[in-house]
Amino acid sequence: MNYLLPLLSVLFGYLIAISLKPRVKQNLKLLLAFSGSFLLTLTVTHLLPDLYIQHAAGELNIGIFIMIGILFQIILEFFSKGAEHGHVHGHGKMTQMPWLLFISLCIHALLEGFPVGHNKDLAYGIAVHHLPIAIILTTFFIQAELNKTSLFFFMLTFAVMTPLGTFASDTLPVLNQYYTQITAVVIGILFHISSTIIFESSEGHRFNIAKITMIILGIVLAGFL
Ligand SMILES: [Zn+2]
Ligand SMILES: [Zn+2]
């Protein structure tokens, strides 16, 4: 399940986008708002407290590693232009593979896989978070006329990255040794990503009952895990 959920969610998103061709509009915004709130709730109710329970405060500066994660994600977004939180920019036709975006998105997804082995619930969080991203990216690439092989290679690699991170962290002793530090960095990444998703899925800060409902739904559902 840990491996399958994040893998299938991206492939599922890809299939939805190529078969239904949804317009990047209101429904996707709502799905994004839900995913951001779900992910943020999981982070503050599971990941973060678990880390502090295992390591008494002061012994290791967890907070600094969280800030490094936030900073790292901000740097990644210089290259991906925000694809990790469902932000894409139209530049007409795409004649070749968007390598910078691809590599930064893969690093992001790989890192997110690391703590999944110790936190089963995070697999749901990543799956819910990557589903709308996969739909939005695939739709964008189809519109940009990226060739089908590159598109498939892109989404398949993106899908494999998170389970690969989980596998690496379960099998490589080095990664296990630095589990706390790595998880703190990932928490920083998730903080930045999920709050940006919630922020950007709103338009002009108008009160939006549908969006608020999705955010509350995300909190409630993640609260049950
Ligand atoms: Zn953005
Ligand atoms: Zn992600």
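For ligands, and for the atoms within them, numbers begin at 1 and follow the listed sequence.
No donor-acceptor pair closer than 3.5 Å links the side chain of Asn119 to the backbone N or O of Leu122. Thr138 places no side-chain N or O within donor-acceptor distance of the main-chain N or O of Ile135, the cut-off being under 3.5 Å. Between the Thr162 side chain and the Gly113 main chain, no donor and acceptor come within less than 3.5 Å of each other.
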- From CA spacing to verdict: side-chain hydrogen bond (donor to acceptor under 3.5 Å, both in side chains), His46, Asp121: CA-CA 8 Å; His46 289 263; Asp121 303 321; 3.2 Å; yes
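Under a hydrophobic clustering in which Ile, Leu, Val, Met, Phe, Trp and Tyr are joined whenever their side-chain heavy atoms come within less than 4.5 Å, directly or via other members, Leu110 and Phe167 fall into different clusters. In this structure, Ile16 is a member of the same hydrophobic cluster as Phe140, with clusters built from ILVMFWY side-chain heavy atoms closer than 4.5 Å.
The aromatic rings of His108 and His130 sit tilted, their planes meeting at an angle between 30° and 60°.
The only member of Thr183, Leu42, Ile66 that meets side chain to side chain contact (heavy atoms under 4.5 Å, CB included) when paired with Leu48 is Ile66. Evaluated for a ring pair (Phe, Tyr, Trp, His ring centres under 6.0 Å) with Phe102, the options Phe153, Phe79, Phe158, Phe141 yield exactly one hit, Phe153.
Excluding waters, the set of protein N, O or S atoms lying under 2.8 Å from the Zn ion (ligand 1) comprises His85 NE2, His87 ND1, Glu200 OE1, Glu200 OE2.
Taking 2.8 Å as the limit, the number of protein N, O or S atoms around the Zn ion (ligand 2) is 5.
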